[in-house]
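A quick write-up on the structure given underneath.
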Amino acid sequence: MSEASSTEQARAQRLERWRALLSGVGVKEAEGARLRRGGAESVLFGVWLHAAARVGQGLELTELERSILAPLCGVLGEEEVLAIGQLYLEQRAEGGSVAALSQAVVSRSLGRGSARRSTRRRWLSGCRRSPSCRT
């Protein structure tokens with residue numbers, strides 16, 4: 001198997017794992033519920049998926065969205081980030097819910113970007129509900 005073929009196969013497998021995570025297929029109920037309840041990590045996860053979907057639709061990103069996507073594009077590559085954003089859009093369209101995110105995140109209009117102030121508010125709200133944030 002050539003290196004290019006192996007790389008493409010690995011990418012396809014990663015995208016299938018993303019599809020499963022976003023749809024909830026293969027995610028244990030307890031894990032899915034933990035992700036949906038969220039906390040700070042759910043908000044951040046939602047912001048980057050939302051931003052990836054927005055950039056794929058040609059929408060202008062906010063400063064926060066650009067700062068989150070830049071390192072991800074550096075690691076995963078822009079093409080893969082766009083593909084994950086497309087999977088997120090497809091899952092939203094299919095059932096209106098995304099297994100790994102709260103409905104508050106998923107229901108956000110694609111036309112609305114995420115700003116630092118509103119994300120900080122959502123993060124703090126989520127953090128109060130998350131055991132991982134409590135000291």
Side-chain angles (χ1 to χ4, degrees):
M1 180 182 296
S2 74
E3 187 175 330
S5 174
S6 176
T7 301
E8 187 55 37
Q9 185 178 16
R11 179 180 178 273
Q13 289 172 344
R14 284 192 305 273
L15 289 176
E16 280 307 309
R17 286 193 300 269
W18 275 105
R19 185 182 314 279
L21 176 66
L22 295 174
S23 69
V25 173
V27 176
K28 293 178 184 165
E29 184 55 39
E31 182 66 10
R34 185 189 69 77
L35 287 167
R36 280 189 302 280
R37 269 195 309 278
E41 63 277 1
S42 180
V43 172
L44 186 58
F45 187 50
V47 168
W48 96 255
L49 286 170
H50 193 80
R54 284 173 44 79
V55 77
Q57 297 295 303
L59 298 170
E60 186 175 343
L61 298 180
T62 65
E63 177 187 344
L64 174 64
E65 291 170 328
R66 284 190 304 275
S67 72
I68 290 172
L69 284 187
L72 291 169
C73 287
V75 172
L76 299 173
E78 186 175 339
E79 186 178 312
E80 192 160 333
V81 169
L82 290 173
I84 294 167
Q86 183 60 40
L87 292 174
Y88 169 71
L89 280 178
E90 290 169 7
Q91 185 60 38
R92 279 177 50 150
E94 285 177 14
S97 68
V98 177
L101 299 175
S102 74
Q103 193 58 32
V105 173
V106 176
S107 64
R108 186 177 184 87
S109 165
L110 199 59
R112 284 186 63 205
S114 294
R116 289 188 191 276
R117 175 173 271 165
S118 64
T119 301
R120 183 175 173 357
R121 251 190 330 269
R122 284 183 286 158
W123 181 83
L124 288 171
S125 173
C127 194
R128 286 186 201 107
R129 294 188 308 268
S130 176
S132 65
C133 290
R134 295 185 188 129
T135 56

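Values in this document were obtained by computation on a predicted structure and should not be read as measured data.
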Discussion item. As a test of understanding, state which of I84, L87, V81 forms a side chain to side chain contact (heavy atoms under 4.5 Å, CB included) with L49.
Written reply: I84
For residues [X] and [Y], report the shortest heavy-atom separation together with the two atoms involved.
X: R11; Y: A83; result: NH2-CB, 3.5 Å
X: A52; Y: G85; result: CB-CA, 3.7 Å
X: E80; Y: L15; result: CG-CD2, 4.2 Å

Discussion item. Using the side-chain hydrogen bond (donor to acceptor under 3.5 Å, both in side chains) definition, which of the options E90, R92, Q91 pairs with Y88?
Written reply: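 One option only clears the test, and that one is R92.
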Worksheet item: Any salt bridge between R19 and E16, counting N to O under 4.0 Å?
Response: yes
Hydrophobic cluster membership, with links at side-chain heavy-atom distances under 4.5 Å among I/L/V/M/F/W/Y: are [X] and [Y] in one?
X: L76; Y: L22; value: yes
X: L82; Y: W48; value: yes
X: L44; Y: L61; value: yes

Worksheet item: Is a side-chain donor or acceptor of H50 paired with a backbone partner of E65 at a separation under 3.5 angstrom?
Response: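 Checked: no pair found.
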Worksheet item: Got L89 and Q86 here, is their nearest side-chain heavy-atom distance under 4.5 Å?
Response: yes
Worksheet item: Could you walk me through whether E63 and R66 pass the salt bridge (Lys or Arg N to Asp or Glu O under 4.0 Å) check?
Response: CA-CA 5 Å; E63 177 187 344; R66 284 190 304 275; 5.6 Å; no
Worksheet item: Taking everything shown except E60 itself, do over 12 heavy atoms lie less than 6.0 Å from its CD?
Response: no
Worksheet item: Taking the inter-plane angle between the rings of F45 and W18 on a 0 to 90° scale, is it parallel (under 30°), tilted (30 to 60°) or perpendicular (over 60°)?
Response: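 Aromatic pair F45/W18 classed parallel.
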